[in-house]
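Side-chain atoms are counted along with the backbone in the values below, which use heavy atoms only and exclude waters and symmetry mates.
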Amino acid sequence: MDKTSFGEEVYSVVASIPPGRVLTYGQIAYLIGKPQCSRMVGQAMHNAPEEQNLPCHRVVNRQGRLAPFWPEQRELLEKEGTVFKKNGCVDIKASGWEILKEVIS
């Protein structure tokens, strides 16, 4: 698998996530046709080129947990109206991007 083209596919999906919505690493992997590659999505996100100005803060893990060591992520999501649970995780049901329903239907 070519890491460059994989990254480009990941970044294309991430760039399209609307404000106030989130996707998980696994959902992104599914959308690009590589459902077993959620960890690779995480690596791609870690290495995302700054010059692309991607909304990386809109990507969370499957429980809605935020990236470790990035306290600004919560601030960015809150400014967009993202809903959080009492435990500090993003409420995926309330703020998840429902593109998967559109793709599957």
Side-chain angles (χ1 to χ4, degrees):
M1 180 180 312
D2 177 12
K3 285 186 181 183
T4 301
S5 61
F6 181 87
E8 289 171 1
E9 290 182 63
V10 168
Y11 304 147
S12 175
V13 171
V14 172
S16 64
I17 304 171
R21 297 293 174 202
V22 297
L23 283 179
T24 67
Y25 301 104
Q27 290 171 328
I28 294 170
Y30 180 85
L31 286 169
I32 65 170
K34 309 272 193 277
Q36 302 299 319
C37 296
S38 58
R39 288 183 185 224
M40 286 182 65
V41 171
Q43 283 293 86
M45 295 307 302
H46 180 74
N47 297 314
E50 285 188 41
E51 61 271 8
Q52 288 193 23
N53 294 317
L54 296 169
C56 297
H57 62 284
R58 297 180 189 149
V59 181
V60 298
N61 82 359
R62 65 186 173 148
Q63 287 89 26
R65 280 186 277 162
L66 305 179
F69 311 111
W70 189 20
E72 299 86 7
Q73 184 178 15
R74 183 177 177 115
E75 293 172 27
L76 292 166
L77 290 170
E78 285 177 336
K79 286 180 185 175
E80 295 180 350
T82 302
V83 178
F84 284 83
K85 296 180 180 179
K86 289 181 183 179
N87 66 3
C89 293
V90 170
D91 186 334
I92 302 274
K93 288 184 180 178
S95 294
W97 189 23
E98 296 190 357
I99 188 170
L100 291 175
K101 288 182 182 177
E102 297 169 21
V103 171
I104 294 171
S105 298

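- Counting heavy atoms from C-beta on, the side chains of Arg58 and Pro18 never come closer than 4.5 Å.
- Panel note: side chain Ser16, backbone Val13; a donor-acceptor pair is recorded below 3.5 Å.
- Of the possible polar contacts, one joining the Gln73 side chain to the Ala67 backbone as a donor-acceptor pair under 3.5 Å is found.
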Test side-chain contact (heavy atoms from CB on, under 4.5 Å) applied to Val60 and Leu23, step by step:
CA-CA 6 Å; Val60 298; Leu23 283 179; over 6 Å; no

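- Here the side chains of Gln63 and Val90 are not in contact, with every heavy-atom distance at 4.5 Å or above.
- Counting heavy atoms of neighbouring residues, nucleotides and ligands inside a 6.0 Å radius, atom CD of Glu50 does not exceed 12 of them.
- Cluster annotation: Val41 and Ile17 are assigned to the same hydrophobic cluster (Ile/Leu/Val/Met/Phe/Trp/Tyr, side-chain heavy-atom contacts under 4.5 Å, transitive).
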From CA spacing to verdict: side-chain contact (heavy atoms from CB on, under 4.5 Å), Val14, Val59:
CA-CA 8 Å; Val14 172; Val59 181; 4.0 Å; yes

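- Residues Val83 and Ser95 approach most closely at N-OG, 2.8 Å, considering heavy atoms.
- Rounded to the nearest 0.5 angstrom, Cys37 SG and Phe6 CZ are separated by 5.0 Å.
- Taken to the nearest 0.5 Å, the CD atom of Gln27 stands 12.0 Å off from the CZ atom of Arg62.
- Here the OG atom belonging to Ser5 is positioned 12.0 Å from the NZ atom belonging to Lys3, to the nearest 0.5 angstrom.
- Here the side chain of Thr24 pairs no donor or acceptor atom with the backbone of Asn61 at under 3.5 angstrom.
- Residues Ala29 and Ser38 come closest through the heavy atom pair CB-N, 3.8 Å.
- No continuous path of ILVMFWY side-chain contacts below 4.5 Å connects Met45 to Leu66, so the two sit in separate hydrophobic clusters.
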Would you sort out whether Val22 and Trp97 count as a side-chain contact (heavy atoms from CB on, under 4.5 Å), showing the intermediate values?
CA-CA 6 Å; Val22 297; Trp97 189 23; over 6 Å; no

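- Side-chain atoms of Arg65 never come within 3.5 Å of backbone atoms of Cys89 as a donor-acceptor pair (strictly under, hydrogens ignored).
- The shortest heavy-atom contact between Gly7 and Ala44 is CA-CB, 4.4 Å.
- The hydrophobic cluster around Trp70 extends to Leu76, counting ILVMFWY residues whose side-chain heavy atoms fall within less than 4.5 Å of a member.
- A salt bridge is defined here as a Lys NZ or Arg NE, NH1 or NH2 lying under 4.0 Å from an Asp or Glu carboxylate O, and Arg21 with Glu98 fails to meet this definition.
- Annotation: cation-pi pair Arg74/Phe84 present, NZ/CZ under 6.0 Å from the ring centroid and within 45° of its normal.
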Start with the C-alpha distance between Leu31 and Glu9, add both sets of side-chain angles, then the distance that settles side-chain contact (heavy atoms from CB on, under 4.5 Å), and finish with yes or no.
CA-CA 9 Å; Leu31 286 169; Glu9 290 182 63; over 6 Å; no

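- Taking every heavy atom of both residues into account, Ala15 and Pro55 meet most closely at CA-CD, 4.0 Å.
- One finds the OH atom of Tyr11 at 11.0 Å from the CD1 atom of Ile28 (value rounded to the nearest 0.5 Å).
- His57 and Glu75 share no donor-acceptor pair across their side chains, judged by distance under 3.5 Å alone.
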